[in-house]
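Presented below is the structure to which this report refers.
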Amino acid sequence: MNNISIEKFNVSDLEQIKVNLETEFDNFWNSNILEKELNSDTSFYLCCKLDSEIVGYAGITIVLDIAELDNIVIKKDKRGNGFSSLLLKELIKIAKSHHCTKLNLEVASNNEIAINLYKKFGFKQVGSRTNYYKGVDALLFTLDI
Ligand SMILES: CC(C)(COP(=O)(O)OP(=O)(O)OC[C@H]1O[C@@H](n2cnc3c(N)ncnc32)[C@H](O)[C@@H]1OP(=O)(O)O)[C@@H](O)C(=O)NCCC(=O)NCCS
């Protein structure tokens with residue numbers, strides 16, 4: 001049986017997925033941007049490991065009592081197994097432990113799967129930005145935590 005764990009996402013972990021980050025995960029952040037985030041004092045990143053394989057990662061930035069979900073992505077061939085839910089659950093715990101009162105995020109209005117994930121966790125839509133992503137609106141969601 002495979003062992004699933006949620007761990008701090010370190011720069012050394014990034015080395016493992018650098019080569020396939022843009023092809024097998026997602027292409028909206030490259031490894032340089034991600035590395036910068038992993039080194040930031042205000043960011044908290046977790047990865048999901050299946051045995052020793054990194055199958056996803058997610059991170060928040062905390063400013064005062066507000067946390068912002070920066071990124072959540074699961075390897076394409078590992079989606080639909082509950083991994084993003086595990087990551088989000090742990091990030092909410094981290095935000096709470098830093099006395100955050102809200103977790104905010106932005107999502108493309110056509111990203112139905114991500115929107116389903118956020119609604120499942122109780123996020124509520126609080127606004128939108130027209131044409132934010134090259135012709136696609138951004139929806140703003142928030143969760144009281
Ligand atoms: C969005 C994403 C992170 C979901 O990860 P995942 O590990 O596959 O999601 P989970 O298996 O934890 O499923 C969580 C919920 O998402 C929704 N969901 C997942 N797969 C779905 C699908 N194929 N169709 C519709 N809803 C789906 C469901 O609500 C699901 O809850 P349920 O299983 O109780 O029904 C993943 O699809 C991904 O990496 N997408 C590309 C990156 C991205 O768009 N990130 C969000 C940026 S805002």
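Every number for a ligand or one of its atoms is a count from 1 in the order of the listing. Sequence positions, counted from 1, serve as the residue numbers for this chain.
With sequence neighbours excluded, the residues satisfying side chain to side chain contact (heavy atoms under 4.5 Å, CB included) with Ser84 are Ile72, Ile74, Leu117.
The Gly82 neighbourhood of ligand 1 comprises atoms 10 (P), 11 (O), 12 (O), with distances under 4.0 Å to a heavy atom of that residue. The Tyr118 neighbourhood of ligand 1 comprises atoms 46 (C), 47 (C), 48 (S), with distances under 4.0 Å to a heavy atom of that residue. With ligand atoms numbered from 1 in the order given, ligand 1 contributes 11 (O) to contacts under 4.0 Å with heavy atoms of Asn81. Atom numbering of ligand 1 starts at 1 in the shown order; those under 4.0 Å from a heavy atom of Lys120 are 31 (O), 32 (P), 34 (O).
Here the closest non-hydrogen pair linking Cys100 and Leu64 is SG-O, 4.4 Å.
With Thr101 as the fixed residue, the side-chain contact (heavy atoms from CB on, under 4.5 Å) test singles out one of Thr142, Asp144, Asp65: Asp65. Results of the side-chain contact (heavy atoms from CB on, under 4.5 Å) test with Asn110 over Leu139, Asp137, Val136 single out Val136 as the only residue that passes.
At least one N/O-N/O distance between Gly80 and ligand 1 falls below 3.5 Å. Not a single N or O atom of Val107, backbone or side chain, sits closer than 3.5 Å to an N or O atom of ligand 1. Residue Asn111 has at least one nitrogen or oxygen atom sitting less than 3.5 Å from a nitrogen or oxygen atom of ligand 1, judged on distance alone. At least one N/O-N/O distance between Ile74 and ligand 1 falls below 3.5 Å. Taking only nitrogen or oxygen atoms, main chain and side chain alike, Glu106 does not reach within less than 3.5 Å of ligand 1.
Annotation: Lys76, atom NZ; neighbour count of heavy atoms from other residues, nucleotides and ligands within 6.0 Å is above 12. A 6.0 Å sphere centred on CG of Asp41 holds no more than 12 heavy atoms belonging to other residues, nucleotides or ligands.
When the heavy-atom distances from atom 37 (O) of ligand 1 to Lys78, Lys76, Arg79 are ranked, the shortest goes to Arg79. The residue from Ser85, Ala138, Cys48 that puts a heavy atom closest to atom 13 (O) of ligand 1 is Ser85.
Listed by first then second residue, pairs satisfying ring-ring contact (aromatic ring centres under 6.0 Å, His included) with a partner in residues 88-124 read Phe44-His98, Tyr118-Phe123, not counting sequence neighbours.
Using a 4.0 Å cutoff on heavy atoms, Phe25 does not count as a contact of ligand 1.
If you take CD1 on Ile54 and CG on Leu14, they are separated by 8.0 Å, rounding to the nearest 0.5 Å.
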